[in-house]
Amino acid sequence: MDPTLKAAWAQPARTFTAVRIELPDGEDTYVVRLLNGGQAVLSGETFTGRDSRFGTIESVSNFTDGIDDQATTGHIVLRPATEEAIEVLASPLAQGAPVEVFQGAIDTDTGGVYGVELLFRGEINYGALAADEDNRVMRLELVTEEARALEPNDERRLSHSFHQSIWPGELGLSHVTGVIQRDFWRIRKPAMSYGGGYGGGGYAGGGQDIFENVVRF
């Protein structure tokens with residue numbers, strides 16, 4: 001935590017959470033700048049407690065760093081002001097929209113902002129509407145770039161046919177050979193055993209693959 005912000009918790013200062021989202025708006029981009037009450041200027045941008053289209057912040061989850069095969073995730077809940085805003089947030093086009101979440105403090109005497117800290121930088125994974133007779137809120141599940149990298153990708157192939165299925169007409173892999181060989185990425189390559197009495201059932205002993213660090217194409 002920023003030392004200035006940490007000191008603010010012990011002072012007569014008001015802490016805040018700010019959310020910034022860049023949403024597709026036709027051919028343009030609509031930037032949502034929301035604060036959980038009040039108003040503040042962060043890096044020259046004004047954040048307010050209510051957006052005329054996307055309403056207010058209902059809640060923001062805690063963000064914790066992922067470990068091993070996990071990545072940082074979280075969610076924010078908005079109370080949209082219009083039905084059009086619900087459609088935008090629930091649209092597949094909103095997936096991947098950049099999101100930033102900050103926390104900071106406002107001096108109650110001067111109104112100055114200090115101790116601003118970036119809590120999360122990522123993107124919208126998907127939005128889900130929760131509604132009853134009186135309320136409608138949109139829960140936006142967030143992911144980071146690291147989470148995208150950890151998604152299963154068994155269906156992907158380094159071959160001309162798969163390349164064409166993603167980028168039709170792009171011939172960069174049209175003459176690539178050896179595509180049936182397995183290329184292990186982000187995981188340790190399984191040990192290969194050759195047998196033959198070299199000890200441990202493997203050529204290098206213990207079943208270790210002597211080609212483990214060789215890049216295959």
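In what follows, residues are counted from 1 in the order of the sequence shown.
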Novice: With side chains defined as the heavy atoms from C-beta onward, is the minimum distance between Y114 and I106 less than 4.5 Å?
Specialist: no

Novice: Only pairs at least two apart or in different chains count here, so list each salt bridge (charged side-chain N to carboxylate O under 4.0 Å, His left out) that has a residue in residues 162-174.
Specialist: none

Novice: How about R20 and V99: do any of their side-chain heavy atoms sit closer than 4.5 Å?
Specialist: no

Novice: I'd like to check L118 versus E100 (side-chain heavy atoms, cut-off strictly below 4.5 Å). Are they in contact?
Specialist: yes

Novice: Are L140 and L89 close enough that some pair of their side-chain heavy atoms sits under 4.5 Å apart?
Specialist: yes

Novice: Applying side chain to side chain contact (heavy atoms under 4.5 Å, CB included), run through T46 and R33 and close with a yes or a no.
Specialist: CA-CA 7 Å; T46 301; R33 303 178 181 90; 5.9 Å; no

Novice: Measure from the side-chain N and O atoms of E58 to the backbone N and O of V77, and report whether any donor-acceptor pair falls under 3.5 Å.
Specialist: no

Novice: Should Y30 and F54 be marked as a ring-ring contact (aromatic ring centres under 6.0 Å, His included) after you check the CA-CA gap, both sets of side-chain angles, and the distance that decides it?
Specialist: CA-CA 10 Å; Y30 185 89; F54 294 91; 5.5 Å; yes

Novice: Under a 4.5 Å cut-off applied to non-hydrogen side-chain atoms, are E141 and I124 in contact?
Specialist: no

Novice: Taking a hydrophobic cluster as the set of Ile, Leu, Val, Met, Phe, Trp and Tyr residues connected by side-chain heavy atoms closer than 4.5 Å, whether directly or through intermediates, do L129 and L23 fall within one such cluster?
Specialist: yes

Novice: Can you find a heavy atom in the side chain of L34 that is under 4.5 Å from one in the side chain of I21?
Specialist: no

Novice: Between T48 (side chain) and Q39 (backbone), is there a donor-acceptor pair under 3.5 Å?
Specialist: no

Novice: A side-chain contact here means heavy atoms from C-beta on lying under 4.5 Å apart; do R53 and D25 qualify?
Specialist: yes

Novice: Find out whether L78 and V137 are in side-chain contact, i.e. whether some heavy atom of one side chain is under 4.5 Å from a heavy atom of the other.
Specialist: no

Novice: Is the side chain of N36 donor-acceptor paired with the backbone N or O of T17 at a distance under 3.5 Å, no angle test?
Specialist: yes

Novice: Taking G169's backbone N and O only, do any of them form a donor-acceptor pair with Q164's side chain (distance below 3.5 Å, no angle check)?
Specialist: yes

Novice: Has the side chain of S61 got a donor or acceptor atom that lies under 3.5 Å from a matching backbone atom of H75?
Specialist: yes

